[in-house]
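One structure is given below, encoded as structure tokens.
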Number of protein chains: 2
Amino acid sequence: MCAMYGVPGTMSKPKINTMKELSETIGVSRPTLSKYFQDPAAVRPSTSKKIQERLSEVDYVYNFLTTRQNRKSTELIGVIVPSYKDLFFASLIESIEQSARELGYTIITQSSNGDSGVEANAVRKMRSMSVDGAIVAPIGVAADHDTFAAASEDFPLVFIDSRPAKSMTVANFVGTDNTQSIGAIVEYLCRTGDPPVFLGMPDLNANAQEREDAYRAKMLALNHEAIAIEPAVAGGSWEFEAFGYTVMDDCFGRREFTNSTILCANDRVAIGAIRAANKHGLFPRGGIAGGGLRIAGHDDHPLSQYMTPALTTVAQDVEGIADAAIQLLAQRARGGRSAEAVEVFLDATMKPRESA
Amino acid sequence: MCAMYGVPGTMSKPKINTMKELSETIGVSRPTLSKYFQDPAAVRPSTSKKIQERLSEVDYVYNFLTTRQNRKSTELIGVIVPSYKDLFFASLIESIEQSARELGYTIITQSSNGDSGVEANAVRKMRSMSVDGAIVAPIGVAADHDTFAAASEDFPLVFIDSRPAKSMTVANFVGTDNTQSIGAIVEYLCRTGDPPVFLGMPDLNANAQEREDAYRAKMLALNHEAIAIEPAVAGGSWEFEAFGYTVMDDCFGRREFTNSTILCANDRVAIGAIRAANKHGLFPRGGIAGGGLRIAGHDDHPLSQYMTPALTTVAQDVEGIADAAIQLLAQRARGGRSAEAVEVFLDATMKPRESA
DNA sequence: CCATAAACTTTACACGCGTCAAAATCATGA
DNA sequence: TCATGATTTTGACGCGTGTAAAGTTTATGG
């Protein structure tokens with residue numbers, strides 16, 4: 001009717017709406033078609049070939065909703081992240097989608113917008129969609145324990161990036177071991193220059209505290225004094241660059257830390273910090289003797305290498321995390337109900353660049 | 001069974017699986033419940049209140065798949081973008097999800113991964129899901145005309161960001177008018193310094209050509225010679241920063257364009273170009289007389305203001321685009337079948353910062 | 001208190017596909 | 001050509017919810 005693309009001469013294939021219709025025009029029974037669609041090899045080769053051929057002459061799309069309703073497995077996996085506008089989460093989603101696609105899963109993504117109410121709604125929606133599992137990068141504050149608990153009765157749940165709020169006992173987790181990653185970069189920084197002070201991230205998920213703790217522990221082990229920069233502003237928002245910029249602009253304005261090594265809790269904070277440094281005429285730089293300002297991050301944000309100076313950081317194994325999470329869910333969905341919660345930690349790797 | 005969150009004492013509400021079950025324990029008929037869920041105001045206030053109260057004492061999640069199967073409208077909207085790892089698209093998705101949520105729509109997002117085959121599959125999946133409409137940021141090259149054409153028979157389709165390949169005749173489009181946006185920044189650059197040369201983006205969608213054309217047109221109108229930098233590398237990938245960096249690193253290495261005003265086709269290319277400049281000791285800067293290197297971008301990428309120097313650019317109206325696209329689909333889905341293709345252009349606004 | 005309309009319940013069918021059992025057909029080897 | 005097992009067809013039911021029709025209850029107004 002609405003021939004928006006009406007190109008004269010382009011005769012489109014006849015549209016077929018239901019499998020019953022299809023079975024009639026194609027000349028096989030509907031149950032056989034059903035088997036074919038679930039596994040083309042499940043029917044006789046000659047039949048399979050016949051179906052395949054006739055199918056190409058026809059415009060038929062299976063009904064996703066109905067098929068999922070009736071199968072034991074929906075092959076849907078829910079993904080919830082606090083924000084799309086964070087390249088770390090974006091990278092995670094991209095990798096998750098890819099790993100899922102390879103296993104035949106469809107991803108349903110929802111942003112919690114940094115809001116625990118929205119997060120809870122998203123979890124409920126996943127439940128209503130009968131997903132085979134869900135991957136959640138949780139918000140730390142005021143996470144809705146009951147909602148997660150109820151959901152985990154219905155399907156396996158895997159947390160990534162950060163752990164859920166402490167009220168939870170045990171839960172599946174796939175991510176980076178902050179002790180290892182922060183440890184590695186603290187060690188690097190101490191080895192190549194002054195021991196670092198720590199610039200945290202807003203306390204929005206478990207990583208904020210875990211990374212600071214990891215920093216303190218490593219500094220202690222290395223016999224250095226741990227110093228955390230006290231943010232002059234309340235950092236309650238996910239705008240990490242703004243946070244890093246504001247805090248360090250304030251410090252540098254008072255000529256504080258202008259000669260220090262600053263380890264930031266993540267790259268987005270570091271990007272803001274670098275911007276603040278630049279504004280004050282400072283260009284952090286590693287690899288030279290005699291001190292001077294250095295700034296390092298955590299995550300290996302895709303744009304970190306385009307900063308000036310290029311940001312020294314530790315890279316999380318994003319693909320590894322995505323793949324492990326999907327594998328875990330796939331395994332659980334296929335009846336591998338070990339029931340026991342699993343925690344998978346992947347190593348982060350140093351990315352020494354210019355800034356430290 | 002798998003009491004991952006088993007907190008002793010936390011008695012969970014009784015789980016109810018079907019609406020029939022619910023109707024029995026709640027004391028109203030199933031059809032009434034059905035009406036209630038579609039619109040709580042559609043039943044008598046006393047009944048509505050009763051249902052609402054009993055509902056809170058029980059753990060019931062409606063079956064998303066089944067409800068969508070039977071409603072005339074699924075209230076699903078498909079979204080397809082070339083990549084999640086591009087903050088412009090990420091911003092778009094975030095705004096789309098928000099606008100959609102307000103209208104009760106659920107978003108199904110898929111990345112085409114810059115691959116037209118994957119894009120076509122995504123469109124087919126949207127068809128199989130019986131979405132009420134789809135929003136797609138298309139890939140320009142070798143777009144699968146037939147797939148889009150078939151889809152647009154089933155539901156309204158809105159293209160955003162860039163137009164589909166030219167093989168298409170007319171299609172719904174919501175986005176920025178490149179003539180206006182590029183025109184604005186060319187005018188600004190000419191007014192505040194040397195007329196710009198143009199650094200394009202890889203030819204991956206219609207914007208590549210459109211923006212260059214817009215640049216040439218505006219330069220012609222202003223009586224200046226249009227000059228496009230010829231990339232020494234083949235830019236076939238979506239890694240725009242790498243493209244901008246490589247091309248300009250090459251130029252600056254030969255001491256070319258080191259004193260020019262460079263307008264980049266988008267901010268990601270500009271970020272790469274700035275990095276190349278910095279590497280060569282160049283810090284583009286506007287607002288000073290007597291020439292010197294200047295670099296400008298297009299889109300107002302969220303990190304543009306954190307570059308050194310902060311990137312001068314034109315901001316697309318991301319929220320406006322998202323909202324207009326959703327509104328258009330909602331209107332069409334509600335029977336407003338004007339059938340005619342609509343094109344909505346939103347103005348971009350100058351963001352003068354430091355780099356030009 | 002009754003007439004009337006609105007709201008509700010009951011009953012039934014529909015949606016498109018998964019799945020099962022029984023009957024019919026096919027392919028293969030002797 | 002026939003026996004045999006594998007595959008397909010036929011027919012039927014189920015999934016959880018939307019929805020329509022007909023009958024019953026409830027609220028409203030006089």
Side-chain angles (χ1 to χ4, degrees), chain A residues 15-52 54-55 58-76 104 106 124-125 127-132 154, chain B residues 15-52 54-55 58-76 104 106 124-125 127-132 154:
Chain A
K15 174 84 183 280
I16 293 189
N17 290 308
T18 77
M19 217 162 112
K20 184 162 178 296
E21 239 182 280
L22 217 214
S23 77
E24 285 159 5
T25 76
I26 221 174
V28 288
S29 73
R30 194 177 64 76
T32 303
L33 272 182
S34 178
K35 284 180 68 178
Y36 171 85
F37 282 121
Q38 288 175 68
D39 178 12
V43 302
R44 198 185 298 156
S46 60
T47 310
S48 179
K49 185 153 161 281
K50 174 178 168 187
I51 296 177
Q52 197 184 336
R54 309 273 180 101
L55 213 43
V58 141
D59 180 27
Y60 169 74
V61 284
Y62 67 97
N63 186 316
F64 189 93
L65 266 21
T66 310
T67 56
R68 308 299 148 159
Q69 176 191 358
N70 292 321
R71 289 210 237 271
K72 56 246 115 200
S73 154
T74 59
E75 290 178 346
L76 285 172
T106 299
R124 270 188 286 274
K125 177 163 282 185
R127 286 228 287 164
S128 79
M129 294 176 115
S130 321
V131 297
D132 283 356
D154 287 357
Chain B
K15 175 87 185 279
I16 292 191
N17 290 305
T18 77
M19 218 162 107
K20 184 162 177 296
E21 239 182 283
L22 217 213
S23 77
E24 284 157 7
T25 75
I26 222 174
V28 289
S29 72
R30 195 177 62 76
T32 301
L33 271 183
S34 179
K35 282 179 68 179
Y36 171 84
F37 282 120
Q38 288 173 67
D39 178 11
V43 301
R44 198 184 299 155
S46 60
T47 310
S48 180
K49 184 152 162 282
K50 174 179 170 187
I51 296 177
Q52 197 183 334
R54 309 274 180 102
L55 214 43
V58 142
D59 180 26
Y60 168 73
V61 283
Y62 68 97
N63 186 316
F64 189 92
L65 267 21
T66 310
T67 57
R68 308 300 149 155
Q69 176 192 357
N70 292 322
R71 292 212 238 269
K72 55 248 119 197
S73 155
T74 58
E75 290 178 346
L76 285 172
T106 299
R124 269 188 287 273
K125 176 163 283 185
R127 286 229 286 164
S128 79
M129 295 177 113
S130 320
V131 297
D132 283 355
D154 286 358

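Quick note: numbers below take in every heavy atom, side chains included, and nothing from hydrogens, waters or symmetry partners. So you know, we letter chains A, B, ... as the sequences are listed, proteins then strands, and number each from 1.
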Next on the checklist: So, taking the atom named CZ in Arg68(A) and the one named CG in Asp132(A), what distance separates them when rounded to the nearest 0.5 Å?
Outcome noted: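 Result: 9.0 Å between the selected atoms.
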Checklist entry - So how far is it from Leu33(A) CG to Glu24(A) CD, rounded to the nearest 0.5 Å? => result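 Output value for this atom pair is 10.5 Å.
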Next on the checklist: With a 6.0 Å cut-off (strictly less than), is the heavy-atom count around NZ of Lys15(A), excluding the residue itself, greater than 12?
Outcome noted: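 Yes, NZ of Lys15(A) has more than 12 neighbouring heavy atoms, counting only those of other groups under 6.0 Å.
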Next on the checklist: On DNA chain C, does the nearest nucleotide to Asn70(B) precede the nearest nucleotide to Val28(B) from the 5' side, or the other way round? Give the residue.
Outcome noted: Val28(B)
Round to the nearest Å and state the distance from [X] atom [atom1] to [N] atom [atom2].
{"X": "Gln69(B)", "N": "dC17(C)", "atom1": "CD", "atom2": "C1'", "answer": "8 Å"}
{"X": "Glu24(B)", "N": "dT10(C)", "atom1": "CD", "atom2": "P", "answer": "10 Å"}
{"X": "Tyr36(B)", "N": "dG18(D)", "atom1": "OH", "atom2": "P", "answer": "14 Å"}
{"X": "Glu21(B)", "N": "dC15(D)", "atom1": "CD", "atom2": "P", "answer": "12 Å"}
{"X": "Arg68(B)", "N": "dA14(C)", "atom1": "CZ", "atom2": "C1'", "answer": "19 Å"}
{"X": "Met19(B)", "N": "dG18(D)", "atom1": "CE", "atom2": "C1'", "answer": "8 Å"}
{"X": "Arg71(B)", "N": "dC15(C)", "atom1": "CZ", "atom2": "C1'", "answer": "14 Å"}
{"X": "Asp39(A)", "N": "dG18(C)", "atom1": "CG", "atom2": "P", "answer": "13 Å"}

Next on the checklist: I need the residues from residues 41-50 of chain B with at least one non-hydrogen atom less than 4.0 Å from DNA chain D; give them sorted by number, or say none.
Outcome noted: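 Within this stretch, Arg44(B) sit under 4.0 Å of the strand.
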Next on the checklist: Is there, by distance only and without an angle test, a donor paired with an acceptor across the side chain of Arg30(A) and the base of dG16(C) below 3.5 Å?
Outcome noted: no
At 4.0 Å (heavy atoms only), tell me whether [X] reaches a base, stays on the sugar-phosphate, or touches nothing.
{"X": "Thr67(B)", "answer": "sugar-phosphate"}
{"X": "Lys35(A)", "answer": "nothing"}
{"X": "Thr18(A)", "answer": "sugar-phosphate"}

Next on the checklist: When you measure from the side-chain N and O atoms of Ser34(B) to the phosphate of dT19(D), is any distance below 4.0 Å, counting only OP1 and OP2?
Outcome noted: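 No, Ser34(B) has no side-chain N/O under 4.0 Å of OP1/OP2 on dT19(D).
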Next on the checklist: If you compare every side-chain N and O of Lys20(B) against the phosphate oxygens of dC15(D) (OP1, OP2), does one of them come in below 4.0 Å?
Outcome noted: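 For dC15(D), OP1/OP2 do not have a side-chain N/O of Lys20(B) under 4.0 Å.
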Checklist entry - Going through the checks in order, is the side-chain contact (heavy atoms from CB on, under 4.5 Å) test met by Phe64(B) and Leu76(B)? => result CA-CA 11 Å; Phe64(B) 189 92; Leu76(B) 285 172; 3.8 Å; yes
Item to check | Comparing Ser29(A) and Tyr60(B) on DNA chain D - which has the more 5′ nearest nucleotide | outcome: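 Comparing both residues, the 5'-ward one is Ser29(A).
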Item to check | Shortest non-hydrogen separation from Val61(A) to Arg124(B) and the atoms involved | outcome: CG1-O, 4.4 Å
Checklist entry - Taking it one step at a time, do Met19(A) and Thr66(A) satisfy side-chain contact (heavy atoms from CB on, under 4.5 Å)? => result CA-CA 11 Å; Met19(A) 217 162 112; Thr66(A) 310; over 6 Å; no
Next on the checklist: What I'd like to find out is whether the side chain of Leu55(B) reaches to under 4.5 Å of the side chain of Phe37(B), using heavy atoms alone.
Outcome noted: yes
